[in-house]
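If you're wondering where the values come from, they're calculated on a predicted model, not measured in any experiment. All ligand and atom numbering here is 1-based and tracks the order in the structure.
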Amino acid sequence: MYAELLGDARLYDLLQRIDEDLARQVRAAGCLCGGPLHSARYRRKPRGGPAELGASYEHRLSFCCAAQGCRKRTTPPSVRFLGRKVYLGAVVVLVSALRQGPTPTRVSVLHELFGVGERTLRRWRQWWQQTFAEGAFWRAARGRILPVVAARELPRGLVERFTGAASDQVFHVLRFLAPITTTSCGLLGNGL
Ligand SMILES: [Zn+2]
């Protein structure tokens, strides 16, 4: 079910619209100095999504303050890009989750479907269960998720705590995680 979802272009369209909405809110709020924000997108070449991902996925939305002497960068939270990870956020969450649970998807199948190899899967597991689990965001936010999700259940346990169809679950998880995708924007609480 999660594997199918990752191949569905509608998911990525929805996530694109959410990112644009988050960016609009950040831009409207302006720079901390009061200056106006101008577009200063980052070039990205995300992996793991369907082949027909639109050109919009070649950029991470970001802004620079236009005020002389400030020029501070503000990067809005994202539901598409999980920080600096090369793979799309949805892929890092769901492919990791597919390796967990009572019937984990085989590594060879995940490699064939998403181009994710064994080493990457191991790195992601380590990231979820150590870096993320011990980070400030999760320590502060995990109390909002019930029943409690143990570090070794991450990220599948987190996905499963959200109700609804698989697409709703991934949307809610990515929205929940959005604060950790930026360190230069306090709109949704600081990430790490
Ligand atoms: Zn400024």
task: Mind checking side-chain hydrogen bond (donor to acceptor under 3.5 Å, both in side chains) for R27 and listing every partner two or more places apart, or none if nothing turns up?
output: none
- prompt: Sorted by chain and residue number, which protein N/O/S atoms are under 2.8 Å from the Zn ion (ligand 1)?
  reply: C31 SG, C33 SG, C65 SG, C70 SG
message: Assess the residue pair W128 and S96 against the criterion (side chain to side chain donor-acceptor pair (under 3.5 Å)); give the C-alpha distance rounded to whole Å, side-chain angles, the decisive distance to 0.1 Å, and a yes or no.
response: CA-CA 9 Å; W128 281 113; S96 299; 3.2 Å; yes
message: Just to verify, which of F171, F137, F132 counts as forming a ring pair (Phe, Tyr, Trp, His ring centres under 6.0 Å) with F176?
response: F137
field: Over-ring placement of R41 relative to F63, 6.0 Å and 45° cut-offs
entry: no
message: We want to know whether S62 and R73 form a side-chain donor-acceptor pair, criterion being a heavy-atom distance below 3.5 angstrom.
response: yes
- prompt: Quick one: which of R80, R43, R44 gives a side-chain hydrogen bond (donor to acceptor under 3.5 Å, both in side chains) with H59?
  reply: R43
